[in-house]
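Residue numbers begin at 1 in each chain, while the letters A, B, ... track the order of the sequences. Heavy-atom basis, side chains included; hydrogens, waters and symmetry copies ignored. All values derive from a computational prediction rather than experimental measurement.
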There are 2 protein chains.
Amino acid sequence: MSRPQDPQETTKQGMERVCPGESRIDARLRGAGLRPTRQRLALGELLFGSGDRHITAEVLHAEALAAGEQVSLATVYNTLHQFKRAGLLRELAIDGTRAYFDTNTSNHNHFFVEEAGELMDIESNSIRVDGLPEPPEGMKISHIDVVVRLVKA
Amino acid sequence: MSRPQDPQETTKQGMERVCPGESRIDARLRGAGLRPTRQRLALGELLFGSGDRHITAEVLHAEALAAGEQVSLATVYNTLHQFKRAGLLRELAIDGTRAYFDTNTSNHNHFFVEEAGELMDIESNSIRVDGLPEPPEGMKISHIDVVVRLVKA
DNA sequence: GTGTTTGCAAAGTGTTTGCAATTTA
DNA sequence: TAAATTGCAAACACTTTGCAAACAC
């Protein structure tokens with residue numbers, strides 16, 4: 001099954017040549033082996049330009065349009081998954097009905113406000129999970145997700 | 001907006017009159033204010049008849065058909081949500097692409113095998129989460145989900 | 001009988017995909 | 001120029017809904 005839209009996965013890694021005048025995002029994309037196209041740069045700027053973010057495809061698409069960048073929703077989806085495969089984003093299973101992407105790929109956990117669909121980071125090292133049982137035979141733990149669900153007090 | 005298919009929510013609770021010959025499920029439904037219809041009894045039997053289960057609508061539908069019960073997929077979805085509102089089930093946000101329902105509504109956590117889409121309970125009291133930060137102003141914690149994601153070792 | 005529940009088929013939602021046109025290196 | 005990327009529109013998977021017929025009490 002050919003995947004013509006994702007050939008960069010077989011592309012050898014760029015060599016991180018950050019030329020003067022090129023943006024941080026540009027370097028980041030090259031470093032991940034992704035061509036710094038107009039759309040990826042625009043989305044990357046929105047995603048990584050200002051601190052950690054939690055975002056859905058639709059919201060990101062809307063932001064891009066609002067910023068005057070012409071990007072299709074399909075490209076937003078594709079780009080999010082490319083970024084995710086490249087390790088630039090993490091996908092969060094929070095809601096079931098929509099995919100959230102987190103620009104903070106380090107180990108941390110989340111508050112989730114059910115009604116508002118609002119996500120917040122919990123400081124990385126405040127939460128500690130103890131008493132983990134052994135994973136079943138032949139399995140190992142890849143990651144632990146903790147979601148603290150909030151409602152109005 | 002009328003919701004003709006969910007009027008039982010305003011129905012007064014049944015009085016749990018478990019007559020001899022009526023099933024445990026029947027009593028459970030009545031206790032939740034749900035009429036014990038053929039479909040609900042069949043689905044309830046599949047869900048609660050044998051220990052704790054994690055199940056998706058499609059799988060439950062397939063099981064019902066396999067058991068010779070005629071139920072539509074729409075009814076399975078509706079029933080799962082009715083059961084959930086009645087507190088008989090809990091919905092799990094695990095995968096994003098599909099809704100899992102858990103017949104164990106007590107506080108416990110899960111192993112999730114990513115590739116297989118397989119879910120397992122973790123003994124209720126083995127895991128302990130420490131260092132929870134205060135929820136933001138005006139919010140309170142409704143529930144904490146811990147998902148331990150597994151991959152092949 | 002009255003109000004609840006069901007099933008169907010249609011509509012929705014969020015997401016993915018095939019492919020021709022465009023862009024990048 | 002060759003290969004990667006984009007955008008569109010159509011296809012998707014999963015879920016919900018309107019409404020008339022069937023059912024429970």
Side-chain angles (χ1 to χ4, degrees), chain A residues 1-12 14-15 17 19 22 26 29-30 32-44 55-62 64-65 69-84 91 93-101 117, chain B residues 1-12 14-15 17 19 22 26 29-30 32-44 55-62 64-65 69-84 91 93-101 117:
Chain A
M1 204 163 294
S2 74
R3 280 206 284 174
Q5 45 262 82
D6 290 328
Q8 75 285 347
E9 297 203 80
T10 50
T11 299
K12 57 199 136 318
M15 50 193 96
R17 52 198 165 88
C19 311
E22 291 194 314
D26 185 293
L29 293 177
R30 288 174 192 280
L34 296 171
R35 286 188 182 177
T37 64
R38 179 175 55 73
Q39 292 87 338
R40 283 177 184 164
L41 285 169
L43 296 177
I55 204 166
T56 65
E58 294 221 3
V59 169
L60 182 56
H61 184 229
L65 296 186
E69 291 291 342
Q70 200 213 297
V71 195
S72 78
L73 182 56
T75 296
V76 171
Y77 274 107
N78 290 335
T79 301
L80 284 170
H81 285 125
Q82 289 153 3
F83 283 12
K84 172 183 157 190
E91 188 172 359
I94 296 281
D95 180 289
T97 66
R98 105 191 45 238
Y100 284 84
F101 290 85
Chain B
M1 202 162 294
S2 75
R3 282 203 284 174
Q5 46 263 79
D6 289 329
Q8 74 286 351
E9 298 203 82
T10 49
T11 298
K12 58 197 138 317
M15 52 194 95
R17 53 201 165 86
C19 311
E22 291 193 314
D26 186 292
L29 293 177
R30 288 175 190 280
L34 296 171
R35 283 190 183 175
T37 64
R38 179 174 56 74
Q39 292 87 339
R40 284 178 182 163
L41 286 169
L43 296 177
I55 204 167
T56 65
E58 294 222 2
V59 169
L60 181 57
H61 184 230
L65 296 187
E69 291 291 344
Q70 200 214 297
V71 195
S72 77
L73 181 56
T75 295
V76 172
Y77 274 107
N78 291 335
T79 302
L80 285 171
H81 285 127
Q82 289 154 3
F83 284 11
K84 172 183 157 191
E91 189 171 358
I94 295 282
D95 179 291
T97 66
R98 107 190 43 238
Y100 284 85
F101 290 85

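- Closest to the His81(B) side chain, of the nucleotides dT17(C), dG14(C), dT15(D), is dT15(D).
- Taking 4.0 angstrom as the limit, Tyr77(A) places a side-chain polar atom (N or O) nearer than this to OP1 or OP2 of dT15(C).
- Take the nearest nucleotide of DNA chain D for Pro36(B) and for Leu73(B): the residue whose nucleotide is more 5' is Leu73(B).
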Expected rows: protein N/O vs nucleotides 21-23 of chain C N/O, under 3.5 Å:
none

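- Counting only heavy atoms from C-beta on, Gln70(B) has its side chain closest to dC8(C) among dG14(C), dT15(D), dC8(C).
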Exercise for review: Would you sort out whether Arg98(A) and Glu58(A) count as a side chain to side chain contact (heavy atoms under 4.5 Å, CB included), showing the intermediate values?
Suggested key: CA-CA 9 Å; Arg98(A) 105 191 45 238; Glu58(A) 294 221 3; 5.6 Å; no

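- Rounding to the nearest 0.5 Å gives a distance of 13.0 Å between CD1 of Ile94(B) and OG1 of Thr56(B).
- Taking all atoms of both residues into account, the shortest heavy-atom contact from Phe101(B) to Lys84(B) is CE2-CD, 4.1 Å.
- Heavy atoms only, all atoms of each residue included: Ala64(B) and Leu43(B) are closest at CB-CD2, 4.1 Å.
- Atom-to-atom, NE2 of His61(A) to P of dT13(C) comes out at 17 Å; the value is rounded to the nearest Å.
- Asn78(A) has its CG atom 15 Å from the P atom of dC19(C), to the nearest Å.
- Taking a pair as Watson-Crick or G-U wobble with both distances under 3.5 Å, DNA chain D forms stems of 3 or more consecutive pairs at C:1-25 with D:1-25.
- Among the nucleotides dC14(D), dT15(D), dG7(C), the one closest to any side-chain atom of Glu58(B) is dC14(D).
- To the nearest angstrom, P of dG14(C) lies 15 Å from CD of Glu91(A).
- Across the protein-nucleic acid pair, Gln39(B) atom CD and dA24(D) atom C1' stand 11 Å apart, rounded to whole Å.
- What separates CZ of Arg30(B) from P of dT5(C) is a distance of 12 Å, to the nearest Å.
- Taking both residues in full, the closest heavy atoms of Leu65(B) and Val71(B) are given as CD2-O, 3.9 Å, listed atom of the first, atom of the second, then distance.
- When heavy atoms are screened at a 4.0 angstrom cut-off, Thr56(B) is found touching no nucleic acid atom at all.
- Of all non-hydrogen atoms in Ala99(B) and Glu91(B), the two that sit nearest each other are CB-OE2, 3.5 Å.
- Looking only at distances, no side-chain donor or acceptor of Arg30(A) sits under 3.5 Å from a matching main-chain atom of Pro36(A).
- When rounded to the nearest whole Å, the span between CG of Leu34(B) and P of dA24(D) equals 15 Å.
- Following rounding to the nearest Å, Gln82(B) (CD) and dT15(D) (C1') show an atom-to-atom distance of 14 Å.
- If you measure from atom CG of Leu41(B) to atom C1' of dC25(D), you get 14 Å, rounded to the nearest angstrom.
- Distances shorter than 4.0 Å separate none of the side-chain N or O atoms of Thr97(B) from OP1 or OP2 on dA13(D).
- Using a 4.5 Å cut-off on side-chain heavy atoms (C-beta onward), His81(B) and Asn78(B) make no contact.
- With dT15(C), dT5(D), dC8(C) as the choices, the nucleotide that has an atom nearest any side-chain atom of Ser72(B) turns out to be dC8(C).
- The two residues Gln39(B) and Thr75(B) make their nearest non-hydrogen contact at CB-CG2, 4.2 Å.
- Out of dT5(D), dG7(C), dT15(C), the shortest distance to the side chain of Arg98(A) is found at dT15(C).
- Counting only heavy atoms from C-beta outward, the side chains of Leu34(A) and Arg40(A) approach each other to under 4.5 Å.
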